[in-house]
Amino acid sequence: MSITLNTPEDIEKMRIAGRLASEVLDYITSYIKPGVTTEELDRLCHDYMVNVQGTIPAPLNYAPDGHNPYPKSVCTSVNQVICHGIPNDKPLKNGDMLNIDVTVIKDGYHGDTSRMFYVGEVSPHARRLAKITYECMWLGIDKVKPGAKLGDIGYAIQRHAEAAGYSVVQEFCGHGIGKKFHEEPQVLHYGRPGTGLELKAGMIFTIEPMINQGKRHLRLLADGWTVVTKDRSLSAQWEHTVLVTETGHEILTQSDGTPTKPVFK
Ligand code: MF3
Ligand code: CO
Ligand code: CO
């Protein structure tokens, strides 16, 4: 088992896959409003990927060890759903918050990214959770450079989440990505600075913190995929795919609609 160090040719293909994944999120944004179902959003994303982009939706029929095949093309995680929510026929309602997680395959390479979206008017406490989680992802990204350790990323995320009164989900993590959807290393969203794997130029992995308003504990629903907070508190997540460069990092999942980097005050 080893960690892929990507060649310039790999990197160029990962840039393309990353941008395409992000463009699916750009495309779907205007459809997110009260009354739409997550199944409709899934269908729109699916058709855009397959018919417009010529990409393959990586989640569809994805069946890692011990899982039944994932039945849809994107993940839609609403309110207390932490991750891997399966699109369904329930209409979204005013005040809901959701994560849409898109992974495309283009030319054999994966791009993986997710954003939070608001349905109509969302409460200030829910918006605060989404904002802090976005900052957590960015604080993690900011640590990425050759010579840094994975623990530096985890620590930066955990510290910011806990200072805000939130908790970090521990059972799911970021991951190496490339020709495979999920590969080494595991990128934990908690940890201690100066510990863990040393980053090297050419590594590509995701940073995708899941932050709960209440306790960190979770429950898996009977569908075998949907992960919810045990205490039913809200949960938020953001995800980018990141390349370690010689001097720092490059975010691969960027497009015209990518939200800008937060300003920390
Ligand atoms: N995109 C998710 C991630 O960030 C994985 C989804 S797997 C699925 O790693 F099967 F649920 F789609
Ligand atoms: Co991922
Ligand atoms: Co993802």
Side-chain angles (χ1 to χ4, degrees), residues 3-4 14 17-26 28 38-39 41-43 45-46 49-50 55-78 81-88 98-106 109-117 133-134 136-137 140-141 144 150 153-154 157 168-189 203-211 218 220-228 235-243 251-255 258:
I3 292 166
T4 306
M14 286 296 284
R19 178 172 45 76
L20 288 163
S22 187
E23 284 175 353
V24 178
L25 293 173
D26 295 352
I28 203 62
T38 48
E39 223 159 48
L41 298 176
D42 177 77
R43 170 55 49 190
C45 289
H46 175 96
M49 289 186 257
V50 172
T55 59
I56 298 167
L60 189 59
N61 298 315
Y62 184 58
D65 280 353
H67 284 78
N68 57 309
Y70 187 80
K72 297 287 182 179
S73 296
V74 300
C75 297
T76 51
S77 300
V78 182
V81 179
I82 295 172
C83 63
H84 305 166
I86 301 174
N88 61 30
L98 81 157
N99 172 282
I100 301 183
D101 191 340
V102 168
T103 310
V104 305
I105 308 171
K106 182 71 171 182
Y109 290 79
H110 291 74
D112 187 7
T113 185
S114 78
R115 298 180 198 158
M116 293 300 297
F117 297 94
T133 304
Y134 188 59
C136 283
M137 176 186 69
I141 291 170
V144 176
L150 280 180
I153 299 172
I157 292 167
V168 178
V169 171
Q170 299 194 352
E171 288 81 352
F172 296 89
C173 56
H175 49 92
I177 182 167
K179 289 179 187 151
K180 285 170 67 184
F181 193 166
H182 295 100
E183 58 184 52
E184 290 186 78
Q186 292 197 31
V187 181
L188 303 182
H189 303 115
M203 291 179 180
I204 297 177
F205 51 81
T206 70
I207 297 179
E208 49 180 302
M210 285 142 275
I211 307 296
L218 52 76
L220 178 66
L221 297 191
D223 61 28
W225 281 102
T226 309
V227 178
V228 300
S235 186
Q237 178 175 30
W238 291 82
E239 174 175 26
H240 269 312
T241 299
V242 181
L243 163 72
I251 297 173
L252 300 177
T253 36
Q254 296 201 86
S255 59
T258 302

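In each ligand, atom 1 is the first atom listed, and ligand 1 is the first ligand listed. Here the structure is a predicted model, which means the values were calculated and not measured.
For atom 12 (F) of ligand 1, the nearest protein heavy atom (residue, atom name, distance) is Pro59 CB, 3.0 Å. Annotation: atom 7 (S) of ligand 1 to nearest protein heavy atom, Tyr62 CD2, 3.8 Å. Among protein heavy atoms, the minimum distance from atom 2 (C) of ligand 1 is reached at Asp101 OD2, 3.3 Å.
Backbone or side-chain N, O or S atoms of Glu208 do not reach the Co ion (ligand 3) at under 2.8 Å.
Closest non-hydrogen pair, Gly174 versus Thr206, comes out as CA-OG1, 3.3 Å. Between Ser114 and Asn99, the closest heavy-atom pair is OG-ND2, 2.9 Å. For the residue pair Thr133 and Pro209, the shortest heavy atom distance occurs at CG2-O, 3.7 Å.
Among the atoms of His175, some N or O lies under 3.5 angstrom from an N or O of ligand 1.
Residue-level proximity to ligand 1 for His67 is absent, since no heavy atom of it falls below 4.0 angstrom. Only the side chain of Asp112 comes within contact range of ligand 1, with a heavy atom under 4.0 Å; no backbone atom does. When heavy-atom distances to ligand 1 are checked against a 4.0 Å cut-off, Ser114 has no atom that comes that close, whether in backbone or side chain.
A salt bridge links Glu23 with Arg19: the closest approach of a Lys/Arg side-chain nitrogen to an acidic carboxylate oxygen falls below 4.0 angstrom.
For Asp112, the N, O or S atom closest to the Co ion (ligand 3) goes by the atom name OD1.
Atoms of ligand 1 found under 4.0 Å from any heavy atom of Glu208 (numbered from 1 in listed order, with element): 3 (C), 4 (O), 9 (O). Each of the following atoms of ligand 1 lies closer than 4.0 Å to a heavy atom of Trp225: 8 (C), 10 (F), 11 (F). Short contacts between ligand 1 and His182, defined as distances under 4.0 Å to a heavy atom of the residue, involve ligand atoms 3 (C), 5 (C), 9 (O). Listed by number with element, the atoms of ligand 1 under 4.0 angstrom from any heavy atom of Thr103 are 1 (N).
Contact annotation: the side chain of Ile211 never approaches that of Met137 to less than 4.5 Å [non-hydrogen atoms, C-beta and beyond]. When side chains are defined from C-beta on, Thr241 does not count as touching Thr113, because their heavy atoms never get closer than 4.5 Å. Counting only heavy atoms from C-beta outward, the side chains of Val74 and Met49 approach each other to under 4.5 Å. Within the 4.5 Å cutoff, no side-chain heavy atoms of Asp42 are placed close to those of Thr76.
Within the 4.0 Å heavy-atom cutoff, Phe172 does not count among the residues contacting ligand 1.
Between the side chains of His175 and Glu208, at least one donor N or O lies within less than 3.5 Å of an accepting N or O.
Rounded to 10°, the angle that OE2 of Glu239 and NE2 of His175 form at the Co ion (ligand 2) is 130°.
Here the CG-CG distance, from Leu218 to Leu220, works out to 8.5 Å after rounding to the nearest 0.5 Å.
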